[in-house]
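On a predicted model such as this, the values are computed, not experimentally measured, just so you know.
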Amino acid sequence: MVDFDAVVIGAGHAGIEALRALNSRGLQTALVTLDAQKIGAMSCNPAIGGVAKGHLVYEIDALGGLMGFTADRAAIQAKRLNMRKGPSVRSTRVQCDKDFYSASMIQEVRSMEFVRIVEAEATELMTESVSGQVRITGVRLGDQTILKCRAALVTSGTFMKGLMFCGFEKSVGGRFGDKASNTLSDSIKFLGHRTKRLKTGTPARLDARTIEFSKLQKQWGDSERRFFSWKSSNSTLPQVCCYMTYTNERTHEIIRANMDKSPLFSGDIQGIGPRYCPSIEDKVKRFPDRERHQIFIEPEGLSTPFIYPNGMSTSLPADVQLEYLRSINGLESVELLRPGYAVEYDSIDPTQLNFGLMSQFAQGLFLAGQVNRTSGYEEAAAQGLWAGINASCFLLGEDFVRPDRSRSYIETLVDDLTTKGSEEPYRLFTSRSEYRMHLREDNADLRLLDLGKSLGLLSSEQIRAFEQKTLEVNEGRSVLRGKKIRLSVDRVITLEEYLKRPEVNWEELSIEYEPSSTRALEQIEIEAKYSGYLGRIEAEIAELQRIKDWELDTSIELDNIASLSMEVLEKYKAIRPKNVWELTQISGVTPTAVLNIAKLVGRKGGIVSHETI
């Protein structure tokens, strides 16, 4: 037996961020992985970020995480999306050199002071019952070795009872070239967790040497890089072009003619797939009137011929894949380096976890990533970080960190999973947050600075950088409010008011003050333009924080309250939350409804409050 504070099972994006959080707090941790050379492997697409996902990466970085800096270093194309839309949906996305990304993560993990890498299969969770409470005591490996620990973090992705499908061919594994974890989910289920089969898929990998790129539409990245991490200042790798092409009616005819060969429709695959990333055969079936579907042709690295055709995930047989791909413009002579396939795997019901992502049935058992019914690298990394933070709190005898939806998308994601659950792979969108105008990429560092400092997750250098940015933002606001401009003989306004105009930007103001951080400049301009709206949101957030510990007088009936919808009234009566924080955890109860209910039945210090909220 070998003693550790914690054992992390799985070395994907969730496992790495969990490790980093535990290591930063000085906790001795074992990383159990089937293959130590695939730590941080990008199993599917070669991209990090995108709408809402980019927000998560900024937040992970703001809490000292590794994903953003690694993605910046490995980027071979960078782009900001939705720049013609409002600031809440502007998002950063980078194409990565997949091998460079994984190699960088391996280096990061190997440099962690309190981490030991164990190359093995985790087969069983060891527990004991003390005074009626089950708690984790260790993890059994395939060779019967037991790693003793007080906390186990399961971040096994698609590997629990993973089955891969390519047409009629079926093989055991959680990813191409890898084995599966075949008994771990039985151990989790034994503790009381409900499991469900889910499905995900990946497209064929194309040989770049057989593609006619001259026929494809070029898709260049931005000329000016935007970095995820506060540490990044320049590009380390050359930037490349991506391309775009489309399916056509002939492509769809081939797919329709072979639909019976897809395990997705033949009944072989029982698991539910991701709604927002369907396979190409699913697209053809669900949208029969669509004449074409977009395909992004994305290089997987600078020194590899592997091309990722984004939008073409499939489980059809390899020969069918080759046939329909060759019907597409630019791919007429394409060869496959690897066929696409689907993966079916065990997941758990996330509503059986508490808000720290710890099991309700076993103290010290945390679960994070795709095992919790999510999709995407970024959602996995965010959960891994959150589970790592709360596992460290558990081990150090501290209170768990409660998710605050107004503070980050990380916490919105965790709150959604643990209170609402999901019957399919969950994907984060900005529309899932009632605070999306407040939760932007440009201010992620300032939103999370206090939390990161309080938990000891940040280096002194990172704290200084964030505090410097805060200073620059405040100075910029003062400059805008202190300088005035005359619009007419009788009308003078501040530059802050003038900047609210949509046609006016910072450069046109000709102000001598210039922040050193482009993020500070962006934040100053956004907050000036949307000051009225942001002011109302921030006042609401502050009020909810002030009253979050108020008790609620459940003896008072709420009936026919004009300001409350029938849905809110019904949920309040059914659940009868004891305090404001519990009220905020009820799905569908808006912040405005919370404030209204607190005003009516809130108890401050045991006395029903009638103060104006």
No-hydrogen, no-angle side-chain donor-acceptor test under 3.5 Å, [X] and [Y]:
{"X": "T92", "Y": "E441", "answer": "yes"}
{"X": "N23", "Y": "E113", "answer": "no"}
{"X": "S104", "Y": "Q107", "answer": "no"}
{"X": "Q352", "Y": "S359", "answer": "no"}
{"X": "T145", "Y": "D143", "answer": "yes"}

Please list every donor-acceptor pair under 3.5 Å in which a side-chain atom of residues 27-34 meets a protein atom from a residue at least two apart or in another chain.
| unit_1 | atom_1 | unit_2 | atom_2 | d |
| --- | --- | --- | --- | --- |
| T29 | OG1 | L27 | O | 3.0 |
| T33 | OG1 | D35 | N | 3.3 |
| T33 | OG1 | D35 | O | 3.4 |

- prompt: Taking only residues two or more places apart in sequence or in another chain, which ones pass side chain to side chain donor-acceptor pair (under 3.5 Å) with R440?
  reply: D442
field: Residues which pass side chain to side chain donor-acceptor pair (under 3.5 Å) with E344, listed by chain and number, not counting sequence neighbours
entry: R197
Indicate yes or no for a side-chain donor-acceptor contact from [X] to the backbone of [Y] under 3.5 Å, with no hydrogens or angles considered.
{"X": "K170", "Y": "D268", "value": "no"}
{"X": "T351", "Y": "T419", "value": "no"}
{"X": "E17", "Y": "A380", "value": "no"}
{"X": "S347", "Y": "V371", "value": "no"}
{"X": "R436", "Y": "S433", "value": "yes"}
{"X": "Q462", "Y": "D61", "value": "yes"}
{"X": "R432", "Y": "R427", "value": "yes"}
{"X": "D415", "Y": "P403", "value": "no"}
{"X": "T374", "Y": "E379", "value": "no"}
{"X": "N579", "Y": "L552", "value": "no"}

- line: Value for CD (Q370) from OG1 (T200), rounded to nearest 0.5 Å, stands at 6.0 Å
- request: Would you give the length of the straight line joining atom OG1 of T183 to atom CG of L125, rounded to the nearest 0.5 angstrom?
  value: 9.5 Å
[X] side chain near [Y] side chain, heavy-atom distance below 4.5 Å:
{"X": "R20", "Y": "L385", "result": "yes"}
{"X": "T155", "Y": "V8", "result": "yes"}
{"X": "K179", "Y": "F159", "result": "no"}
{"X": "E169", "Y": "M164", "result": "no"}
{"X": "L365", "Y": "R135", "result": "no"}
{"X": "R407", "Y": "L451", "result": "yes"}
{"X": "V51", "Y": "L428", "result": "no"}
{"X": "I389", "Y": "L22", "result": "no"}

- request: Mind jotting down which residue pairs meet the side-chain hydrogen bond (donor to acceptor under 3.5 Å, both in side chains) criterion with at least one end in residues 390-404? Sequence neighbours excluded, please.
  value: R25-S392, R25-E398, D404-S406
field: Within residues 114-125 or reaching into it, pairs that qualify as side-chain hydrogen bond (donor to acceptor under 3.5 Å, both in side chains) - sequence neighbours excluded
entry: E124-R140
Salt bridge (charged side-chain N to carboxylate O under 4.0 Å, His left out) between R447 and E59, worked out: CA-CA 9 Å; R447 287 188 276 112; E59 291 174 354; 2.9 Å; yes
Passing option when F355 is tested against W386, W581, F366 for ring-ring contact (aromatic ring centres under 6.0 Å, His included): W581
- request: Take I575 and E570, measure what side chain to side chain contact (heavy atoms under 4.5 Å, CB included) needs, and give me the verdict at the end.
  value: CA-CA 9 Å; I575 297 173; E570 287 172 3; over 6 Å; no
message: One pair to check against side chain to side chain contact (heavy atoms under 4.5 Å, CB included): S181 and S156. What are the steps and the verdict?
response: CA-CA 8 Å; S181 176; S156 51; 5.6 Å; no
field: The single option from T195, N182, D186 passing side chain to side chain donor-acceptor pair (under 3.5 Å) against K161
entry: D186
Return all side-chain donor-acceptor pairs below 3.5 angstrom for residues 36-43, not counting sequence neighbours, or 'none' if the list is empty.
| unit_1 | atom_1 | unit_2 | atom_2 | d |
| --- | --- | --- | --- | --- |
| K38 | NZ | D178 | OD1 | 3.1 |
| K38 | NZ | D178 | OD2 | 3.4 |
| S43 | OG | R175 | NH1 | 2.8 |

message: Y276: which residues meet the ring pair (Phe, Tyr, Trp, His ring centres under 6.0 Å) condition with it, sequence neighbours left out?
response: F429
Search all heavy atoms of [X] against all heavy atoms of [Y] and return the closest pair with its distance.
{"X": "L367", "Y": "L353", "answer": "CD1-CD2, 3.5 Å"}
{"X": "I269", "Y": "L264", "answer": "CD1-N, 4.1 Å"}
{"X": "P350", "Y": "G421", "answer": "CG-CA, 4.1 Å"}

query: What ring pair (Phe, Tyr, Trp, His ring centres under 6.0 Å) pairs are there with at least one residue in residues 5-37, not counting sequence neighbours?
result: H13-Y101, H13-Y377
message: For residues 25-62, which residue pairs pass the ring pair (Phe, Tyr, Trp, His ring centres under 6.0 Å) check, not counting sequence neighbours?
response: H55-Y409, Y58-F228
field: Presence of salt bridge, K189 and D346, under 4.0 angstrom
entry: no
field: Short N-O contact, E557 and K573, less than 4.0 angstrom
entry: no
message: Run the salt bridge (Lys or Arg N to Asp or Glu O under 4.0 Å) test against K548 and tell me which residues pass, sequence neighbours left out.
response: none
message: Please enumerate all residues that pass salt bridge (Lys or Arg N to Asp or Glu O under 4.0 Å) together with K453, with sequence neighbours excluded.
response: E467
- request: Walk me through it: do N354 and Q360 pass the test side chain to side chain donor-acceptor pair (under 3.5 Å)?
  value: CA-CA 6 Å; N354 71 14; Q360 295 176 4; over 6 Å; no
- request: Give the intermediate values and the outcome of side chain to side chain contact (heavy atoms under 4.5 Å, CB included) for residues L357 and L153.
  value: CA-CA 9 Å; L357 296 182; L153 291 80; over 6 Å; no
- request: Go through the steps for L163 and Y345 under the test side chain to side chain contact (heavy atoms under 4.5 Å, CB included), then give the verdict.
  value: CA-CA 7 Å; L163 280 177; Y345 58 96; over 6 Å; no
- request: Write out all pairs satisfying salt bridge (charged side-chain N to carboxylate O under 4.0 Å, His left out) with one or both partners inside residues 416-426, taking only residues at least two apart or from two chains.
  value: K196-E423, R275-E424, R373-E423, R405-D416, D416-K420
query: Crowded around F176 CZ? As in, over 12 foreign heavy atoms under 6.0 Å?
result: no
